[in-house]
Amino acid sequence: MGGKAKGTTPRAMPPVEEVDVAAVRYEPLVLRAPRLTGFPLRAFVWLLESPLLGPLVTSVLKKQNNMTQMLQHTVIPDRPMFFPEYPPQEPEQGVVILGEDRDAVGRLEEALQCLAPYDPSGRFTSSDEKNPFLYWKIRDFAHAYRSGITTPSAVAEHVIAGVEEWNYKKPPMPMLIYFDAHDLRKQADASKKRFEQGSPISVLDGIFFAIKDDIDCFPYPSKSGTTFFDKIRPVEKDAVLVARLRKCGVIFIGKANMHELGIGITGNNPNYGTVRNPHSIDRYTGGSSSGPAALVSSGLCSAAIGTDAGGSVRIPSSLCGIVGLKTTYGRTNMTGMLCDSGTAVVASPLTASVEDSMVVYSALADCRPMDKLTLRPLPLCVPNLVSCENNDILQSVKVGKYTEWFHDVSDVEISNTCEDALSLLCSTFGCQIEEIILPELLEMRTAHLVIIGSEGFSQLNAHYQQGRRTEMTLDTRGSLALFGSFTSADYVASQRLRRRIMYYHMEAFRKVDVIATPTTGITAPRIPPSALKGESDYIVSAKLMQFIVAGNLLGFPAITVPVGHDKQGLPIGLQLIGRPWGEASLLRVALAVEELCLKRRNRPSTFYDILKT
């Protein structure tokens with residue numbers, strides 16, 4: 001006989017269109033998870049991986065953090081959204097369309113015409129103490145090569161000396177997993193010959209780049225921060241994105257260190273050593289693109305390419321005081337990367353300046369053919385910064401700010417510094433700050449975790465089940481055990497939440513052009529000595545990821561710009577989130593913020609000048 005089902009009535013969310021946004025109250029995240037290192041971490045991972053005890057432990061963790069209630073005991077009426085879907089977008093104003101079908105060299109030439117004319121006066125004559133700038137830009141290197149001040153080969157020797165010096169420092173700073181001085185000299189000599197013959201390929205000829213270890217760069221192996229992945233997935237050619245840069249004459253210095261498999265935000269990697277923050281070597285860089293951020297911040301290369309599925313470009317860029325651009329989902333071709341199938345991940349540049357981000361972006365952006373059909377991107381373009389309309393466009397910009405969320409940081413110094421930058425932007429250019437409300441931010445964080453966790457676990461599951469998990473670090477194993485506990489119903493429920501969160505943000509973008517937040521909820525955290533052999537600290541990770549989730553879950557473009565330092569001298573970044581395919585508008589505002597805040601920035605204490613003139 002049938003009987004009435006027991007239990008409480010499930011929570012029912014109203015259709016997203018019926019939510020009274022004005023009545024929404026901000027809910028801060030309260031995360032419950034232990035910080036573990038050493039034997040307690042090993043014991044905890046053993047419990048998680050135990051067939052009998054593992055399901056019980058993960059069930060308790062999910063219930064304590066309201067995930068079970070949110071995903072399994074809630075009726076979510078909205079349809080699933082399995083990848084970011086956008087309504088048609090209006091073309092951007094004051095831009096130059098580059099055209100994705102053009103080769104990267106042609107695009108670079110056109111993008112350079114959108115920048116203010118290069119003026120080398122004073123850039124190569126001042127002493128370090130009097131320099132009015134922090135970092136050499138790509139156009140500085142291009143000028144130095146063309147005018148005979150230096151050569152790519154001479155710069156390569158400085159890079160080699162810097163890498164070798166820092167590998168043997170106490171404590172060591174292992175920014176690269178794979179480095180071949182002979183290959184670097186070979187690339188630099190080829191570039192030097194092109195300059196001697198008067199035929200450099202582009203403005204990127206002779207410019208030094210680092211490539212994150214989960215992106216193929218032939219003939220280097222791709223290990224994704226592990227000790228084994230190159231054995232099961234040999235690299236046979238460049239990733240599409242790397243091939244585009246190579247055709248521009250870029251010199252690749254090697255494969256940059258990272259948090260193992262990208263499953264972590266601090267940059268901790270017991271396999272190759274944990275990368276240290278150039279601003280304070282007892283601090284984390286952030287991750288998972290830890291090596292790329294440290295290399296650019298320390299001056300060893302002009303740019304690096306990382307991947308970003310959960311803030312992995314923006315977080316380390318912010319903590320290391322550089323610029324990190326996360327492009328719209330689908331704007332860059334992911335073919336040739338270990339994480340090429342996720343619905344939240346992109347490959348993007350880390351640079352020392354917004355100008356350099358714009359230059360690199362113009363060369364590497366390239367949609368996959370299938371993405372062009374399904375995502376319907378707007379044409380690739382960059383802001384025309386020499387147009388007489390530029391200031392008028394900036395004056396019309398409306399910046400969205402969710403005040404309660406904006407100030408939910410570990411120290412008000414972070415939000416106040418970011419707020420000062422926005423005030424300066426408004427007072428200088430006439431931009432307006434508009435108050436917005438973004439509902440269901442806790443649901444957004446849960447949906448993002450389940451989606452990227454499930455997609456990542458699916459990609460790694462075959463290797464995980466066949467015994468490779470014992471070759472992984474303890475924190476990676478713990479995360480994968482949690483990800484493996486997510487059900488198909490959890491995944492679909494998260495995709496339903498994704499549609500709701502997309503609706504709220506697109507409604508906000510009806511009022512504003514960009515959304516501003518601090519990039520992280522804390523500045524660079526300390527590296528505990530006990531953590532060097534492995535650490536699990538979800539609370540620190542959550543604070544680092546406080547503001548970055550929308551860029552990945554919803555695929556929006558976003559950029560972090562350095563705007564100052566805290567009392568300890570640690571960098572603070574301001575994040576700007578743009579409309580879908582709105583990279584050009586985002587770069588315009590970011591350039592303005594960077595210019596206004598330049599005097600508030602400091603070079604890191606660990607810095608190497610590879611353009612010694």
With no hydrogens and no angle check, just 3.5 Å: does a side-chain donor-acceptor pair link S357 and T351? yes
Taking D103 first and then K247, would you say they form a salt bridge - that is, a charged N and a carboxylate O separated by under 4.0 Å? no
Kindly assign one of parallel, tilted or perpendicular to the pair H279 and H565, based on the angle between their ring planes and the thresholds 30° and 60°. tilted
Are F252 and Y220 close enough that their ring centers fall under 6.0 Å? no
From the list K398, R588, R579, salt bridge (charged side-chain N to carboxylate O under 4.0 Å, His left out) partner of D513 resolves to R579
Search all heavy atoms of V203 against all heavy atoms of I138 and return the closest pair with its distance. O-CG2, 3.8 Å
Would you say H505's side chain and L554's backbone share a donor-acceptor pair under 3.5 angstrom? no
Interatomic distance, E92 atom CD to N384 atom CG [nearest 0.5 angstrom]: 12.5 Å
Among V514, T327, T328, V354, find the residue that satisfies the side chain to side chain contact (heavy atoms under 4.5 Å, CB included) test when tested with L586. V514
Quick one: are D609 and W136 in side-chain contact, heavy atoms under 4.5 Å? yes
T520 to S318 - nearest heavy-atom pair and separation: OG1-OG, 4.1 Å
The test is side-chain contact (heavy atoms from CB on, under 4.5 Å); show your working for V561 and C597 and say whether it passes. CA-CA 9 Å; V561 184; C597 297; over 6 Å; no
Under 3.5 Å, side chain of S317 to main-chain N/O of V313, donor-acceptor pair present? yes
Any side-chain heavy atom of M175 within less than 4.5 Å of one from V275? yes
Just verifying a value: how many Å separate I548 CD1 and I265 CD1, rounded to the nearest 0.5 Å? 6.0 Å
A344 to I452 - nearest heavy-atom pair and separation: CB-CG2, 3.7 Å
Is D216 salt-bridged to R233, going by a charged N under 4.0 Å from an acidic O? yes
If you define the side chain from C-beta out and look only at heavy atoms, does anything of M258 sit under 4.5 Å from P292? no
Nearest-0.5 Å distance that lies between atom SG in C301 and atom CG in L295: 5.0 Å
Smallest heavy-atom separation, I322 atom then L350 atom, equals CD1-CB, 4.1 Å
In sequence, state the C-alpha distance, the side-chain angles, and the governing distance for L425 and V589, and then conclude on side-chain contact (heavy atoms from CB on, under 4.5 Å). CA-CA 9 Å; L425 178 70; V589 179; 4.0 Å; yes
Rounded to the nearest 0.5 Å, what's the gap from CZ on F141 to CD1 on I207? Could you check? 6.5 Å
Quick one: OH on Y145 to OG1 on T150, what's the gap to the nearest 0.5 Å? 6.5 Å
Would you say the side chains of Q395 and N391 form a donor-acceptor pair under 3.5 Å? no
Between the side chain of R276 and the main-chain N/O of I281, is any donor-acceptor distance below 3.5 Å? yes
Does atom CD (E595) have a neighbourhood of more than 12 heavy atoms from anything else shown, all under 6.0 Å? no
Where do A188 and I251 come nearest, in terms of heavy atoms and distance? CA-CD1, 3.6 Å
Okay, side chain of Y608, backbone of A161: is any donor-acceptor separation there less than 3.5 Å? no
Do N257 and S290 have side-chain atoms, one donor and one acceptor, less than 3.5 Å apart? no
In terms of side-chain heavy atoms, does D308 have a donor or acceptor partner in S348 at a distance below 3.5 Å? no
CD (Q93) with more than 12 external heavy atoms under 6.0 Å: no
Would you confirm whether Q89, through its side chain, and L378, through its main-chain N or O, come within 3.5 Å as a donor-acceptor pair? no
Atom pairs and distances, side-chain donor-acceptor, residues 359-370, under 3.5 Å, sequence neighbours left out:
residue : atom : partner : partner atom : Å
Y361    : OH   : R331    : NE           : 3.3
S362    : OG   : V359    : O            : 2.6
R368    : NH2  : D340    : O            : 3.2

I want to check something: taking the side chain as every heavy atom from C-beta on, are L112 and L115 in contact at a cut-off of under 4.5 Å? yes
So, D213 side chain and S224 main chain: donor-acceptor pair closer than 3.5 Å or not? yes
Output, in order, the C-alpha distance, side-chain angles, deciding distance and verdict of side-chain contact (heavy atoms from CB on, under 4.5 Å) for E236 and F218. CA-CA 7 Å; E236 298 177 352; F218 188 81; 5.5 Å; no
Measuring only between side-chain heavy atoms, which start at C-beta, is K255 closer than 4.5 Å to D230? no
Could you measure the distance from the CG atom of D189 to the CZ atom of R194? Nearest 0.5 Å is fine. 11.0 Å
Do D140 and R123 meet the salt-bridge criterion of a basic N to acidic O distance under 4.0 Å? yes
State, yes or no, whether a side-chain contact exists between W166 and P172 at a heavy-atom distance under 4.5 Å. no
Salt-bridge present (K372, D101; N to O < 4.0 Å): yes
Does any N or O in the side chain of D371 come within less than 3.5 Å of the main-chain N or O of L375, such that one atom is a donor and the other an acceptor? no
Side chain K326, main chain F556, donor-acceptor under 3.5 Å: yes
Compare all side-chain heavy atoms of Y135 with those of R601 and state whether any distance is below 4.5 angstrom. yes
With a 3.5 Å cut-off and no angle check, do the side chains of K212 and S289 form a donor-acceptor pair? yes
Counting C-beta onward and ignoring hydrogens, is there a side-chain heavy-atom pair between C320 and P278 closer than 4.5 Å? yes
Are the side chain of T519 and the backbone N or O of Q575 linked by a donor-acceptor pair below 3.5 Å? yes
R102 atom CZ, over 12 foreign heavy atoms within 6.0 Å: yes
Heavy-atom pair with the smallest gap, counting every atom of N269 and T274: N-OG1, 3.2 Å
Stepwise side-chain contact (heavy atoms from CB on, under 4.5 Å) test for L319 and R283: CA-CA 9 Å; L319 300 192; R283 303 275 178 163; over 6 Å; no
Can any side-chain N or O of N277 pair as donor or acceptor with the backbone N or O of Y284 at less than 3.5 Å? yes
